[in-house]
There are 2 protein chains.
Amino acid sequence: MLSVATWNINSVRLRIEQVQRMLREQSPDVLCLQEIKCQESQFPAQALADMGYIHQAVHGQKGYHGVATVSRVPLREITRFDWQDNGEARHVGVELTEGEGKGLVIENVYIPAGGDIPDRELNPKFGQKLDFLERMTRWSDTLGRPTLLVGDFNIAPLECDVYDHKALLKVVSHTPLEVETLGKLRDAHGWVDLGRHFIPAPERNYSWWSYRSYWRQKDHGRRLDHMWASPDLAPQASTHRFVEETRRWEQPSDHIPLITEFSL
Amino acid sequence: MLSVATWNINSVRLRIEQVQRMLREQSPDVLCLQEIKCQESQFPAQALADMGYIHQAVHGQKGYHGVATVSRVPLREITRFDWQDNGEARHVGVELTEGEGKGLVIENVYIPAGGDIPDRELNPKFGQKLDFLERMTRWSDTLGRPTLLVGDFNIAPLECDVYDHKALLKVVSHTPLEVETLGKLRDAHGWVDLGRHFIPAPERNYSWWSYRSYWRQKDHGRRLDHMWASPDLAPQASTHRFVEETRRWEQPSDHIPLITEFSL
DNA sequence: GCCCTGGTCG
DNA sequence: CGACCAGGGC
């Protein structure tokens, strides 16, 4: 048994107590964080180590972005890709080195949000997002081991992954071009979307609600966070859950944690 | 019986729950706030009205300074002086219009801090502080009714009003020039310093501790907040207390409330 | 909306 | 140290 969580925490320093609470209540073996928004030197390593998460791979930067994978089972950092080649900290890859999960690779990624306008010409950030996905797609070809790819993908691929499919067709995160580009990444390695494997369409299944306005009343969510298993790993996934309650905590992240359990 | 509190709250929006807690626990009839740090439109009027403090005189500005006097006994705003003539919101004067305290005037003031260097030439803010005090001194001559003058004076007049008299002689808030200038204001109307009337020198008696460094461990406080009664009002003051516990609350103001009870 | 960076202020 | 502001990001 091995359980892995992913959570875009939107500042790990501000929400370290919420991380600790989630770890106490959900008890995953491994936690992948995105948007830690700090440098490695500022990462709350001790607070997490005190809870047993002594194995840590932190790829941070000042102020923005940043990812970290912490674990109570041994791991070692194996990669730290910069698919944009611009110095942003959006990926860290680890390998579990002992126990049932030995050899499992966990890729933790924060895909660019892509700006407001879904047009390469008008909005360079949208192009960067697509380029990022295409580079990940080429990288996918090279993988040869059981791998879990998790994080904030900033794309809600299915109609039922958003509260209003038609309205969001022109909104970055749900445009046909993004969905198609993400689909190529998925197909490049036969990735299995565990969120929809365990909670099949058309069931409502969101991981993010804007801070703005009436997200709670209207349930205007999107499924932007994902856990994808390589074809050789997917059969071992035994449960998968979205921990929606954290979105109702005080001063929450706008994203919620996802957790998968594996029988390994 | 009438009780009046004064508290430099250092952002009333951020600390409205602490204000409510203090009001519940101390139950003053009137509360004078300084450094509300908001415009009148942003003042948490409803939260205070809900607790019975429905009579309010708010003199705010954007971001800095600002004073407000709220009460559960009827009052009317009578003055709103700008002794510096620069648009800063540092004073509001009210008159109680009913009940035992009818006719009592309460002047709520936030005297300028005065900058870092205690020299008019090198630091214009120090001059502005002295000018502010001198204009208040001239204003004091004109008063003819029982009056309570309260607020953050930003001066600790006595040796025992600071944790280290000698060290602070050259620190703005305790320089001989400030103490002398404040003394002239006091003498201009025969104001009675209730803090020292009820807690005589040389007893330790602080109302402010810096946010910086080890204020709690070292008790490096100063008495910057004051309640002064006009000679005709002072005999009615029956008790006076410093509510030090608020400084140990979570995310506190750097100042504590002072409360005087009057037998009226 | 909320969190970052930096600035000013006390 | 911790308020505020403005500007940038998502």
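In what follows, chains are A, B, ... by sequence order, proteins preceding strands, each numbered from 1.
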Discussion item. At 4.0 Å (heavy atoms only), tell me whether A:His65 reaches a base, stays on the sugar-phosphate, or touches nothing.
Written reply: sugar-phosphate

Worksheet item: Would you say a side-chain N or O of B:Gln251 is under 4.0 Å from OP1 or OP2 of D:dA3?
Response: yes

Item to complete: Mind calculating the distance between CD (B:Gln61) and P (C:dT8) to the nearest angstrom?
Response: 18 Å

Response to the item:
Between NZ of A:Lys129 and P of D:dG9 the distance, given in whole Å, is 16 Å

Worksheet item: Would a 4.5 Å heavy-atom cut-off, applied to side chains only, mark A:Tyr163 and A:Lys218 as touching?
Response: no

Discussion item. Would you say CD of B:Glu245 has more than 12 non-hydrogen atoms from neighbouring residues, nucleotides or ligands within 6.0 angstrom?
Written reply: yes

Worksheet item: Between A:Ser11 and C:dC2, is there a side-chain N or O to OP1/OP2 distance below 4.0 Å?
Response: no

Worksheet item: Given C:dT5, is OP1 or OP2 found less than 4.0 Å from the side-chain N or O atoms of A:Lys37?
Response: no

Response to the item:
Whichever of A:Asn154 and B:Asn10 has the more 5' nearest nucleotide on DNA chain D, that residue is B:Asn10

Discussion item. Between P on D:dC10 and CG on A:Asp116, what's the gap in Å once rounded to a whole number?
Written reply: 9 Å

Item to complete: In whole angstrom, give the distance that lies between atom CD of A:Gln42 and atom P of C:dT5.
Response: 7 Å

Response to the item:
Rounded to whole Å, the OH-C1' distance (A:Tyr211 to D:dG8) equals 16 Å

Discussion item. Closer than 4.0 angstrom, basic N to acidic O: yes or no for A:Glu17 and A:Arg21?
Written reply: no

Practice prompt. Would you indicate which nucleotide in C:dC2, C:dG10, D:dG7 comes nearest to any side-chain atom of A:Tyr64?
Written response: D:dG7

Worksheet item: D:dA6 phosphate, OP1 or OP2: any side-chain N/O from B:Lys62 under 4.0 angstrom?
Response: yes

Practice prompt. Choose from D:dC1, D:dC10, C:dC2 the nucleotide whose nearest atom is closest to any side-chain atom of B:Arg212.
Written response: D:dC1

Worksheet item: Would you say the side chain of B:Ile155 lies within less than 4.5 Å of the side chain of B:Lys129, judging by non-hydrogen atoms?
Response: yes

Fill in: Value in whole Å for how far the P atom of D:dG2 lies from CH2 of B:Trp209
16 Å

Discussion item. With a 4.0 Å cutoff (strictly under), does any side-chain N or O of B:Arg13 reach OP1 or OP2 of D:dA3?
Written reply: no

Discussion item. Is it the case that atom CG in A:Asp116 sees more than 12 heavy atoms from other parts of the structure closer than 6.0 Å?
Written reply: no

Worksheet item: Rounded to the nearest Å, what distance is computed from the CZ atom of residue B:Arg90 to the C1' atom of nucleotide C:dG10?
Response: 10 Å

Discussion item. Under 4.0 Å, heavy atoms only, any strand: does A:Lys125 hit a base, just the sugar-phosphate, or nothing?
Written reply: sugar-phosphate

Worksheet item: Could you state the CD1-C1' distance from B:Ile36 to D:dA3, rounded to the nearest angstrom?
Response: 14 Å

